[in-house]
Peer 1: 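There's a structure below that I have some questions on.
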Amino acid sequence: RSQEAKERFRHARNLYVDRQFEDALAELDALKNVYDAYPDLHYLRARCLGKLKRAHELRAVADLLTTRFNDPRDAEILT
């Protein structure tokens, strides 16, 4: 991962903390090509989708966390 991508991910996380969910999601979506194999990117995307009440997309990302990464956090984001 490039340093620029790491900085952008941190920026997206800060946007999430600042409750700027649309902006955070846009940044994360832009990073998917670089960080696609990084479960934390998908997890933070799911958290943004949940805050934005985009349940259908949230379910798809939670399923991805489970099937591709065997990540137990999918249950956390669906509750």
Peer 1: Please indicate whether N70 has more than 12 foreign heavy atoms, meaning atoms of other residues, nucleotides or ligands, lying under 6.0 Å from its CG.
Peer 2: no
Peer 1: Output the distance between atom CG (D36) and atom CG (L41), rounded to the nearest 0.5 Å.
Peer 2: 8.0 Å
Peer 1: Locate the shortest heavy-atom distance separating P39 from L65; write the atom from each residue and the value.
Peer 2: O-CD2, 3.7 Å
Peer 1: Report whether L25 and F9 are members of the same hydrophobic cluster (ILVMFWY, side-chain heavy atoms less than 4.5 Å apart, transitive linking).
Peer 2: yes
Peer 1: Contact between Y16 and R45 at the side-chain level, heavy atoms closer than 4.5 Å - yes or no?
Peer 2: no
Peer 1: Taking the side chain as everything from C-beta on, heavy atoms only, tell me whether H42 gets closer than 4.5 Å to I77.
Peer 2: no
Peer 1: Which value, rounded to the nearest 0.5 Å, describes the distance between L31 atom CG and K6 atom NZ?
Peer 2: 13.0 Å
Peer 1: State plainly whether one hydrophobic cluster holds both L15 and L44, where clusters connect Ile, Leu, Val, Met, Phe, Trp and Tyr through side-chain heavy atoms under 4.5 angstrom apart.
Peer 2: no
Peer 1: Measure across A12 and A24 and return the closest heavy-atom pair with its distance rounded to 0.1 Å.
Peer 2: O-CB, 3.4 Å
Peer 1: For Q20, does its backbone N or O pair with a side-chain atom of D18 as donor and acceptor, under 3.5 Å?
Peer 2: no
Peer 1: Near E7 CD, under 6.0 Å, is it more than 12 heavy atoms from other residues, nucleotides or ligands?
Peer 2: yes
Peer 1: Determine the minimum heavy-atom distance between A30 and R8, stating which atoms define it.
Peer 2: CB-NH2, 3.3 Å
Peer 1: Below 4.0 angstrom, N of the basic side chain to O of the carboxylate: do D40 and R47 qualify?
Peer 2: no
Peer 1: Quick one: which residue pairs count as a salt bridge (charged side-chain N to carboxylate O under 4.0 Å, His left out) with a foot in residues 55-64, not counting sequence neighbours?
Peer 2: R54-E57
